[in-house]
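Keep in mind that what you see is a predicted model, and the values were worked out from it rather than measured. Letters A, B, ... are given to chains in the order of the sequence lines, protein chains preceding strands, and every chain is numbered from 1.
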Protein chains: 4
Amino acid sequence: MSKISTFKLEGLVAATFTPFDEDGNIAFSKFEDYCEHLVRNDVNQVYVNGTTGEGMSLTLEERKQVVEKWIEIGKNRLKKIVVQVGALNLHDSLEMVHHAVGAGADAIATVPSLFFRPTSIDSLVEYCKKIAAAAPELPFYYYHLPSVTGVELNMEDFMRAAVHEIPSLVGIKFSSKDLVDMIGILNIPAPHRADGKLNVVFGCDEQLMAAMTLGADGSVGSTCNFMAAVYHRMFGFTSNFNLVEARKEQYRSQQLCRIMYRYGSLWGNNVAALKYLMAMAGPNMGPPRPPMRKATLAEFNQFKSEISDLGFFDWLK
Amino acid sequence: MSKISTFKLEGLVAATFTPFDEDGNIAFSKFEDYCEHLVRNDVNQVYVNGTTGEGMSLTLEERKQVVEKWIEIGKNRLKKIVVQVGALNLHDSLEMVHHAVGAGADAIATVPSLFFRPTSIDSLVEYCKKIAAAAPELPFYYYHLPSVTGVELNMEDFMRAAVHEIPSLVGIKFSSKDLVDMIGILNIPAPHRADGKLNVVFGCDEQLMAAMTLGADGSVGSTCNFMAAVYHRMFGFTSNFNLVEARKEQYRSQQLCRIMYRYGSLWGNNVAALKYLMAMAGPNMGPPRPPMRKATLAEFNQFKSEISDLGFFDWLK
Amino acid sequence: MSKISTFKLEGLVAATFTPFDEDGNIAFSKFEDYCEHLVRNDVNQVYVNGTTGEGMSLTLEERKQVVEKWIEIGKNRLKKIVVQVGALNLHDSLEMVHHAVGAGADAIATVPSLFFRPTSIDSLVEYCKKIAAAAPELPFYYYHLPSVTGVELNMEDFMRAAVHEIPSLVGIKFSSKDLVDMIGILNIPAPHRADGKLNVVFGCDEQLMAAMTLGADGSVGSTCNFMAAVYHRMFGFTSNFNLVEARKEQYRSQQLCRIMYRYGSLWGNNVAALKYLMAMAGPNMGPPRPPMRKATLAEFNQFKSEISDLGFFDWLK
Amino acid sequence: MSKISTFKLEGLVAATFTPFDEDGNIAFSKFEDYCEHLVRNDVNQVYVNGTTGEGMSLTLEERKQVVEKWIEIGKNRLKKIVVQVGALNLHDSLEMVHHAVGAGADAIATVPSLFFRPTSIDSLVEYCKKIAAAAPELPFYYYHLPSVTGVELNMEDFMRAAVHEIPSLVGIKFSSKDLVDMIGILNIPAPHRADGKLNVVFGCDEQLMAAMTLGADGSVGSTCNFMAAVYHRMFGFTSNFNLVEARKEQYRSQQLCRIMYRYGSLWGNNVAALKYLMAMAGPNMGPPRPPMRKATLAEFNQFKSEISDLGFFDWLK
């Protein structure tokens with residue numbers, strides 16, 4: 001069976017950070033440790049150049065280098081490497097697709113164009129079709145991130161149309177809290193898929209348990225970079241129908257995210273706070289790029305103190 | 001133990017319709033049948049004068065009559081009668097509270113003031129405190145309906161503050177898809193409650209399964225008026241950890257709601273479509289009040305045909 | 001010619017405050033002074049029970065009393081008394097219309113229903129038609145206040161349709177910054193009007209000069225309650241094509257409004273801040289009703305100091 | 001005096017289109033005619049690679065070529081060439097700035113970063129400071145386009161802070177209908193400017209008259225590409241205090257824009273409709289790039305017919 005028929009993201013997929021040095025240049029020397037850290041925490045699938053990876057703050061050249069590095073390092077250690085190819089416009093995205101194919105990515109995902117945005121189901125289908133068609137052998141995912149892209153179309157309607165128009169459509173990274181919309185997608189017939197279903201991976205870690213219960217296949221998240229143990233336990237409890245204990249793990253994640261968003265908002269975006277959390281629990285990813293900024297020492301200490309009071313460092317044991 | 005310590009809504013609570021005759025007057029003769037229909041479908045708790053009941057399209061006098069009718073008819077047949085007392089402003093809401101107390105309601109719930117809206121956690125707490133204080137013996141619920149009221153404050157923050165300020169606070173009717181916010185509420189310590197927890201009832205039928213899995217106690221919904229069987233089955237499957245079958249019931253609800261919203265939008269509000277669904281599956285509730293309008297015959301036939309194609313009439317067996 | 005053909009609001013119309021005593025009851029004894037203050041400042045038209053008047057925080061009984069009081073006191077001193085009859089729903093609004101007719105109002109205006117909102121041009125026309133028809137002899141105005149009512153329909157489309165459906169339609173109180181929409185309304189043919197045009201009064205004092213230049217007939221505003229002098233000068237300069245000086249007056253208004261909104265947001269709504277400004281420059285209107293709150297002493301002093309630094313007290317000379 | 005002290009856009013500035021051939025490649029052969037058309041219509045200032053120019057649909061390489069072409073062709077014919085350097089992120093924008101300096105642009109303007117957006121006044125100031133600092137000799141404009149960029153910060157607050165932090169700050173292209181905010185900017189002291197004021201150019205053609213009356217210096221617009229005559233007349237009437245006639249010209253523009261937006265929405269963005277208007281009144285700019293699409297023949301005929309009925313072709317005489 002073809003890759004498109006059977007490709008499936010399941011369980012935890014890390015939306016990877018891009019490590020920078022203090023000058024804001026990509027710190028290629030850090031990828032090795034980072035990959036090791038993920039594997040040690042039983043995270044074997046990655047989603048590269050997405051939001052967490054500040055893909056949109058990199059030049060196209062840099063994005064290519066990041067992809068190449070992940071493939072070089074992850075080839076024999078990771079099970080799946082998905083490359084986010086979405087960019088400001090179609091031309092730039094196509095350049096990313098062609099590179100992903102050549103570099104050996106396992107699958108691609110894309111946001112819609114970010115300035116002139118698709119404003120109808122039809123135009124979004126047309127847009128994605130052009131991108132997917134540039135890599136017909138690679139599994140294609142739509143990256144639904146309405147709070148950032150401003151493309152707030154109904155995804156059930158979109159996927160129902162897209163499944164007929166885009167032969168390589170495998171699924172969606174669904175980064176919205178609107179589970180009603182997700183329920184619809186889970187029930188779309190996908191005749192070109194071995195199991196007849198689209199592959200749905202959820203992007204809001206702080207309500208992941210709900211998405212999984214409804215039938216999502218896994219999570220493409222940022223917090224599993226530094227607290228995979230919490231989610232592994234949550235999945236375990238859910239499998240054993242121990243909802244009471246599973247909820248406790250989900251609540252940990254929810255509490256952490258609330259603090260993370262509060263500080264992230266202070267520093268320009270939640271990725272800034274996520275990078276500090278990563279440094280506390282694993283390899284240091286360096287500062288974020290503008291328009292995000294570094295924390296002041298006082299802010300950082302306060303942040304760390306709140307995180308610590310939550311019990312964060314105990315959760316990781 | 002006091003009522004406030006132990007009062008709890010669980011499972012299905014019907015947000016009741018208000019039946020009208022063709023002239024738009026309240027059809028008091030229809031309450032008997034309606035109540036019978038609910039009980040026959042194993043729905044024994046009601047939420048009166050909320051959105052589904054067009055409470056905000058009634059005069060205060062009419063609202064009182066509706067409350068009295070429900071208490072007269074439901075006294076020995078229903079387990080719990082909750083009265084929504086929220087109105088345009090504080091003065092009108094207080095009038096509704098005093099009436100609810102005298103009439104013998106089991107609990108009250110309120111939306112915030114609808115023109116001058118509370119704009120901070122503090123002002124919302126103060127506002128609710130005034131309403132709850134007018135009926136200190138009655139369990140108090142906040143009715144969170146941000147898409148209509150425009151009060152989009154964080155409910156976890158609100159409930160954390162309110163639990164200290166409002167002695168009769170029992171819980172929340174949570175009519176938002178933002179489950180992250182709901183997770184927080186489920187974990188707020190409530191020392192004045194027998195089980196130490198707030199009572200959370202969910203208001204979006206089309207993703208109810210997700211809310212229940214996360215720990216919500218029940219549903220205050222409109223669609224259980226005419227398809228309680230679907231939710232009873234869903235709850236049963238979930239209790240038996242048969243998620244696959246439970247999801248099928250949830251998907252039925254989600255499909256129905258999509259059609260219902262589409263036609264509701266045509267007729268001015270989804271309540272208009274809900275009333276037609278009720279008439280198809282139970283007693284006729286009559287037309288909605290303006291600004292909603294009746295369907296044309298062609299629209300109605302098209303609506304019924306879509307609902308029927310979905311299998312709606314088979315679900316009810 | 002009929003009143004509907006010739007009725008026209010022009011220049012300054014005060015959206016009146018409702019004076020309260022310290023307990024929040026209507027202070028009827030203050031109306032006399034208040035009316036005197038307006039007339040002394042050459043403001044001879046009033047708009048009663050609108051936003052500034054906290055009409056939506058009054059019971060229907062109280063609203064009637066306020067209307068009667070204004071008509072009693074203003075009969076021989078004011079040129080025009082417009083009554084805002086909009087309420088939570090159609091039934092309550094109709095009660096207000098009937099009262100306005102009996103009490104002798106000169107014209108009526110209405111917001112749309114506030115909970116179940118008209119969601120299409122058609123439903124808004126139907127809704128207004130029902131209200132206007134209850135007082136066919138009274139000039140009818142639609143009160144466009146999208147930021148509060150949530151009814152964000154295109155007003156040009158609405159008025160183009162309404163002019164054919166509502167025989168008593170005279171004009172619109174346009175409380176939105178969207179001047180593009182207003183330009184359209186100014187150009188709608190109104191054959192039932194003596195001058196062939198709809199009467200457009202603007203509701204955003206802080207950009208009033210722009211609206212007047214484009215052709216608006218006047219202003220229904222709150223700040224002319226306490227700084228009519230500024231607008232009288234602005235109108236004077238504009239008439240003499242002295243745009244440079246006119247802009248200075250508009251800038252004064254804009255600066256004041258910025259401070260007013262900032263403090264209003266602290267106190268629950270800008271009406272709270274407006275009432276303090278009124279007390280500084282004229283008769284004391286008392287505190288606002290909940291969910292607004294009073295200023296603390298420190299807040300009030302800070303507010304007064306900022307207003308004073310702006311030169312507010314010099315502008316009034 | 002330095003260029004930054006005296007540089008000023010006044011009157012009409014064309015936000016230029018980028019001409020494409022049928023394959024979507026830049027049609028360099030069309031620039032000559034296009035420039036000629038503008039000059040013939042007395043439009044001598046251009047704003048390159050903005051929204052109208054689909055700058056965000058071009059690759060960085062293409063953007064550079066467009067800049068070079070405009071400077072080559074316009075050097076001796078145009079008075080001012082402003083280059084929009086904003087891009088997806090800081091790195092890409094800096095590349096555009098360096099190119100603009102080398103190519104000989106007269107001034108630069110920038111939108112904020114488009115994926116990770118500045119979320120506070122401070123971060124927006126910091127972001128712009130980095131861009132302006134890369135071309136300290138070039139007049140710097142902020143391009144305020146909140147409906148597209150999602151950066152909805154108060155511009156008065158921003159400009160008050162920026163004027164102290166960015167030595168080359170000359171002004172703002174203000175593409176929002178919020179004239180209250182613009183009034184504030186017009187009154188910010190700018191000690192480094194010869195006239196002590198910031199240069200404000202307005203971006204909503206359909207309410208330009210209002211902005212000019214309040215003191216804006218000119219317009220950076222799209223519709224002056226094909227109907228400059230309307231605005232020249234409008235300016236003339238305004239100068240002569242003939243507001244009645246000036247309003248007629250503004251109304252023409254407003255009517256046209258309403259139709260243009262309606263069709264633009266059908267075709268993916270208003271630029272698609274603008275390009276057709278341009279082709280009707282001047283040189284053909286070719287189709288837009290995806291996600292916009294071409295009109296069908298029936299759509300185009302309908303569009304042209306509506307435009308023609310409006311009198312468009314007569315206005316241009």
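- When the heavy atoms of residues 251-264 of chain A are compared with those of chain B, the residues falling under 4.5 Å are A/Tyr251, A/Gln254, A/Arg258, listed by number.
- Of the listed residues (A/Met209, A/Glu156, A/Gln250), the one with the most heavy-atom contacts under 4.5 Å to chain B is A/Glu156.
- If you measure heavy-atom distances from A/Leu214 to chain B, the contacts under 4.5 Å come from both the backbone and the side chain.
- Interface remark: B/Leu243 contributes side-chain atoms only to the contact with chain A (heavy atom separation under 4.5 Å).
- Looking at B/Glu206, its side chain never comes within 3.5 Å of a backbone N or O of A/Val180 through a donor-acceptor pair.
- Interface remark: of the candidates B/Asn187, B/Thr238, B/Leu186, B/Asp178, B/Asn187 forms the most heavy-atom pairs closer than 4.5 Å to chain A.
- Contact annotation for B/Met182: neither backbone nor side-chain heavy atoms come within less than 4.5 Å of a heavy atom of chain A.
- Note that the CD1 atom of A/Ile183 and the CZ atom of B/Arg247 stand 10.5 Å from one another [nearest 0.5 Å].
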